[in-house]
Amino acid sequence: MIKIKFPDGAEREYAEGVSALDVAKSISEGLARKVLVAEVDGEVWDGNRPIHKDAALKLITWDDNTGKATFWHSSAHLMAEAVESMFPGVKFWVGPAVEKGFYYDMDLGDKKLTEDDLVTLEKKMNELAKANSAFVRKEVPKAEAVSYFSEKGDEYKLDLLSNLNDGEITFYTQGAFTDLCRGPHIPHTGMIKAIKLMSIAGAYWKGDEKNKQLTRIYGVTFPSQKELDEYLLMLEEAKKRDHRKLGKELSIYTMDDDIGPGLILWMPNGTIIIEELEKLAKESEEAAGYKRVVTPHIAKENLYITSGHLPYYADSMFPPMELDGEKYYLKAMNCPHHHKIFAAEPKSYRDLPYRIAEYGTCYRYEQSGELFGLMRVRCLHMNDAHIYCNKEQFAQEFKAVNEMYIKYFKIFGVDKYVMRLSLHSPEKLGQKYVNEPALWKETEDMVRKVLIETGTPFVEVQDEAAFYGPKIDVQIWSAIGREFTLATNQVDFNSGLKFKLEFTNQANEGETPLIIHRAPLGTHERFIGFLLEHYAGKFPTWLCPVQVKILPISDKFIPFTQELKQQLRAAGVRVEIDERSEKIGKKIREAELSRTPYMLVIGEKEVNERVISVRRQGKGDAGTISIDEFIKNITEEIKNRV
RNA sequence: GCCACUUUAGCUCAGCUGGUAGAGCAACUGAUUUGUAAUCAGUAGGUCGUUGGUUCGAUUCCGACAAGUGGCUCCA
């Protein structure tokens, strides 16, 4: 007999060799039907794998993320089984669970998959699922595994095997399909009740674009049809928040084939939002001691040779234009221009920290496949600034920048974001990163220290730094789940040296400043794209292109509404009148759909009593109020940016 | 840039297997003068993304290109 200890502390005795599923059954049949996998002494195990010694056991169901991941990983095997039955000779690479579902990468030779194939595959998977095939685990000696896949001519699995040792190789078989796999798996295929194959994509082997491109199929599965339906409905809902859809509906921006891909035309509504954001940025930057500068959109090649951008990023810049025997590039970043402003006049330690800011226009030749609405464009406006300081000032400056981020997030009510401390990879020094190991270590430690001291939650990631230094990226997610860097705060120990920037220190010696690159609001493009999705189009009043819509009940009341409009405009409120001879219901409907925060319904009663009836977007009738009081409230709301 | 898919009126979308196109909303005109999410009628609007090819004939079939979409790679 062995002792099994449960998470609640209870202990029960079972025969040696008992499985997690047996244990579940001893508790209840219903539970046993739900158990997908188990944790045995903290290690994830197949539910039907025998336990031979005393152990702590946790039964894992769909409610647990580990359960979902296992379910989806097993689903990937089920899909592979279906694929192999349809396309014998297919070779598989890896098929992991992802955040929502799973994929499997495979080499189908010359066969091109189409969406019709997905439908057929789905059918086949459903059929195979109903067979209730158990996932059977088998430990295999390396030599045997190698010969198995050698016979199949499967170079991909042989590649995986080359990194594994005897004793850690297991095969899993369900039905007619056997795969090299660490496991664990759910008990049997019958638990997979609802299947949806989402898309076909090309994916480079090992994620390297120099390698062969494999076919990747994405799918998602659920233990019930109901959950799949709910998930698909949720996807539909998310699409309604997509900034590309909202941007069109609310006339924020447009694009045009004759202008070019990734080039945004900001319509009047979008421009109002831009101007409000700039106003906010200018206010807070002025308060934080920044000075504003303006620099040109282009510069000579030599600037980017000095900055070191050309060797690293020439491919991401628009090709140069030749003028008077000189090459000029559209700027892809503002920093070199700003460095030249720093260098224009001699600096002493008394001038530091020297902070200059610009809503700079940058052009980046993003790969065509990378463009994505407002989130990834080729012409962008950065909320950019550079802070030149000495090492003693660094912590304070870096901290102040982080505080500005947090202040903005509060204003916009952003709570779902991750601060990512992006570090370099030592093995890529001299390639992706400037070859200054000591400076890398020093600055990375400084940044980490500031984050810890200020209690800012963050995650560390390797190989995400800028080429000139470590950075903090703020990661956010689009409505359809794609991840983006919204804002960035970077340390640069390199450009000061490259541009021979200097200030005279207290000892009357020349010293190179540290530079902080920061863009708390990222770019107009990405930030407004993000805000559209964040607010689902319902901007707070201070950001709204049209803050008040006046809706006269009939033509008779238009003179009064014009008077009202003048008063509101004089108070700095953006206001429009719907003068059409439509019924009030229609005017309200359209004002609601355009997400106008305040609607003022004006009829006979209002004109006679010189009051206004207020309706709030999404909230309905808000009662009657005096004109003065309304103006006082709304201007207060706008001023406080609530 | 790579893989897959898509492109029909301002918008959302119909249009079976080839015989040059339709709806709703929007726009315009007229009627209506309206009390908190769509008043009625009429009019106009499209070389069916561009460009080659197959065909007596292409929105429809095939190719190229462009733009967009889902991924991969990339992302200063």
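First the proteins, then the strands, lettered A, B, ... as listed; each starts at 1. What you see is a predicted model; the values in this text were computed from it and never measured.
- For the 3.5 Å distance criterion, the side chains of A:N608 and A:K605 fail to qualify, holding no donor opposite an acceptor.
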Subject >> A:R615 and A:E592: CA distance, side-chain angles, deciding distance, salt bridge (Lys or Arg N to Asp or Glu O under 4.0 Å) verdict >> reply: CA-CA 10 Å; A:R615 183 187 167 97; A:E592 286 279 351; 2.8 Å; yes
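- Regarding A:M375, its CE atom lies at a distance of 11 Å from the P atom of B:rG70, rounded to whole Å.
- Counting only heavy atoms from C-beta on, A:V601 has its side chain closest to B:rU36 among B:rA37, B:rU36, B:rG1.
- The ring of A:Y218 does not lie on top of the base of B:rG70; it is either too far (5.5 Å or more) or too tilted (30° or more).
- Pair assignment for B:rA26 gives none, since no Watson-Crick or G-U wobble pairing has each distance under 3.5 Å.
- Taking atom CG of A:D578 as the reference point, atom P of B:rU34 lies 16 Å away to the nearest angstrom.
- Checked options A:Y218, A:W93, A:F92; the residue passing with A:Y104 is A:F92 (criterion: ring pair (Phe, Tyr, Trp, His ring centres under 6.0 Å)).
- The partner of B:rU47 cannot be assigned: no Watson-Crick or G-U wobble pair with both contacts below 3.5 Å exists in any strand.
- For the OP1/OP2 pair of B:rU69 and a distance below 4.0 Å, the side-chain nitrogens and oxygens of A:K239 include no atom meeting the criterion.
- One can find a donor-acceptor pair under 3.5 Å joining the base of B:rG35 and the side-chain atoms of A:E606.
- A:M267 has its CE atom 12 Å from the C1' atom of B:rC11, to the nearest Å.
- The nucleotide B:rC61 finds its pairing partner in B:rG53, both defining distances of the Watson-Crick or G-U wobble pair being shorter than 3.5 Å.
- Side-chain proximity of A:Q213 to B:rC74, B:rG71, B:rA76: nearest is B:rG71.
- Rounded to whole Å, the distance from CG on A:D384 to C1' on B:rA76 is 10 Å.
- The partner of B:rA21, taking Watson-Crick or G-U wobble pairs whose two distances both stay under 3.5 Å, does not exist in any strand shown.
- For A:Y204 against B:rG71, no side-chain N or O and base N or O form a donor-acceptor pair under 3.5 Å.
- The separation between A:L551 atom CG and B:rG35 atom C1' is 11 Å, rounded to whole Å.
- Side-chain contact, A:K500 with A:T512: no donor N or O sits under 3.5 Å from an acceptor N or O.
- The nucleotide B:rA66 finds its pairing partner in B:rU7, both defining distances of the Watson-Crick or G-U wobble pair being shorter than 3.5 Å.
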